[in-house]
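Reading through the structure tokens given below for one structure.
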Amino acid sequence: MKIMAVIMSHNSPDTTNRLRRELLDVVDKMWVVDSGSDEGCKAEFTEEVIYCDNYYWTGCWNYAIELFEDSDCDVLWVIGGDIELRGNPLDYRKAIESVWPFGCWHPVVDGVSRPLMQASSNDGKPWEVWHLEGIALAVSRAAIHEFKKLPQDNKFGWGLDIWMSWRSWSAGLRNVLDGRVKIFHPDLRGYSSRAAHQEMFKWFEENVGKDYRDTLHYWSDDANY
């Protein structure tokens, strides 16, 4: 199997550049999408970096999907540029390969995430879950076939990881939370969490229905959203 990694960077040059260096020889294809970073905060110039306007989370994901569709890779791994790996980079590839095939895959998280995703809540093994978070989410070509492009009317992207997971398990694909590998996610946001909340709930009601919590199996674990 082949893995394409796309790092989404916005004003996070240090962690982005480190992630790129760590994963460059681990994955089969690498891109960095620098999404509207300020001058002095851009990712290092290399042949793998694409500079663009600020596309926000959703726009960057759609950009990553376009890059993936033109490749011969099997898995698209989209990682926030502020993320830090907490382990040997090669272990992440081995973890992905060992649970293949799947719909969606994600390491456990230190730092900011929903309770289910926390490393402290996991027993150090891979296990199947309803939903995964979109911090460092890997998706298969089969999963992408189910949701195609992400909806641009939810530009912050809150809740779209839940929607992607839902489309995955509805198609009979597995969503794997992998306790064998861990990332760190800081509490850094360059936008209003309140606005992102409002956009998410409005999008769910309009596109999934007022009973979206039951439809998506979106329960108390996601209350911190």
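The figures that follow rest on heavy atoms only: side chains count, while hydrogens, waters and symmetry mates do not. Quick note: residue numbers are just sequence positions, from 1.
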Close side-chain approach of [X] to [Y], heavy-atom, < 4.5 Å:
X	Y	value
W77	M4	no
C52	V33	yes
L76	I144	yes
W127	D178	no
V75	F68	no
L160	W57	yes
W61	V78	yes

How long is the span from the [atom1] atom in [X] to the [atom2] atom in [Y], to the nearest 0.5 Å?
X	Y	atom1	atom2	value
I50	S9	CD1	OG	12.5 Å
I79	H185	CD1	NE2	12.5 Å
T46	R21	OG1	CZ	11.0 Å
D110	M117	CG	CE	12.0 Å
D82	D14	CG	CG	12.0 Å
D123	R180	CG	CZ	11.5 Å

Taking side-chain contact (heavy atoms from CB on, under 4.5 Å) as the test, write out the residues that go with [X], two or more places apart.
X	value
D28	K2, I3, R93
Q198	R194
S165	H131, L132, N175
Q118	S113, S120, S121

If you count the non-hydrogen atoms of other residues, nucleotides and ligands that lie under 6.0 Å from NZ in K42, is the total more than 12? yes
Is there a path of hydrophobic side-chain contacts, each under 4.5 Å between heavy atoms of I, L, V, M, F, W or Y residues, that connects [X] with [Y]?
X	Y	answer
V139	L67	yes
M1	L173	no
V208	L150	yes
V181	F184	no

Would the distance check show the side chain of [X] and the main-chain N or O of [Y] forming a donor-acceptor pair, the cut-off being under 3.5 Å?
X	Y	result
Y92	K182	yes
S170	R167	no
S140	A143	yes
T16	A43	no
D91	G87	no
R141	D74	no
H106	E133	yes
D161	G134	yes

Looking at every non-hydrogen atom in both residues, tell me the closest pair between [X] and [Y] and how far apart they are.
X	Y	result
V26	E22	CG2-O, 3.5 Å
L177	P107	CD1-O, 3.8 Å
M8	C60	SD-CB, 3.1 Å

Pairing residues for [X] by the salt bridge (Lys or Arg N to Asp or Glu O under 4.0 Å) criterion, not counting sequence neighbours:
X	value
E66	K149
K29	none
E69	none
E48	R20

Side chain to side chain contact (heavy atoms under 4.5 Å, CB included), that's the test. Do W166 and T215 meet it? Break it down for me. CA-CA 9 Å; W166 170 54; T215 302; 3.7 Å; yes
According to side chain to side chain donor-acceptor pair (under 3.5 Å), who are the partners of [X], at least two apart in sequence or on a separate chain?
X	answer
D38	N11
D34	S37
K148	H145
S35	N54

Between R174 and S168, is there a side-chain donor-acceptor contact under 3.5 Å, judged purely by atom types and distance? no
Go through the steps to decide whether I183 and I135 satisfy the test side chain to side chain contact (heavy atoms under 4.5 Å, CB included), and finish with yes or no. CA-CA 9 Å; I183 60 170; I135 302 168; 3.8 Å; yes
Are the aromatic ring centres of W100 and W105 under 6.0 angstrom apart? no
Would you call the rings of Y63 and Y55 parallel, tilted or perpendicular, taking 30° and 60° as the class edges? tilted
Any chance you could lay out the side chain to side chain contact (heavy atoms under 4.5 Å, CB included) test for I7 and I83, step after step, and finish with the verdict? CA-CA 9 Å; I7 303 172; I83 296 306; over 6 Å; no
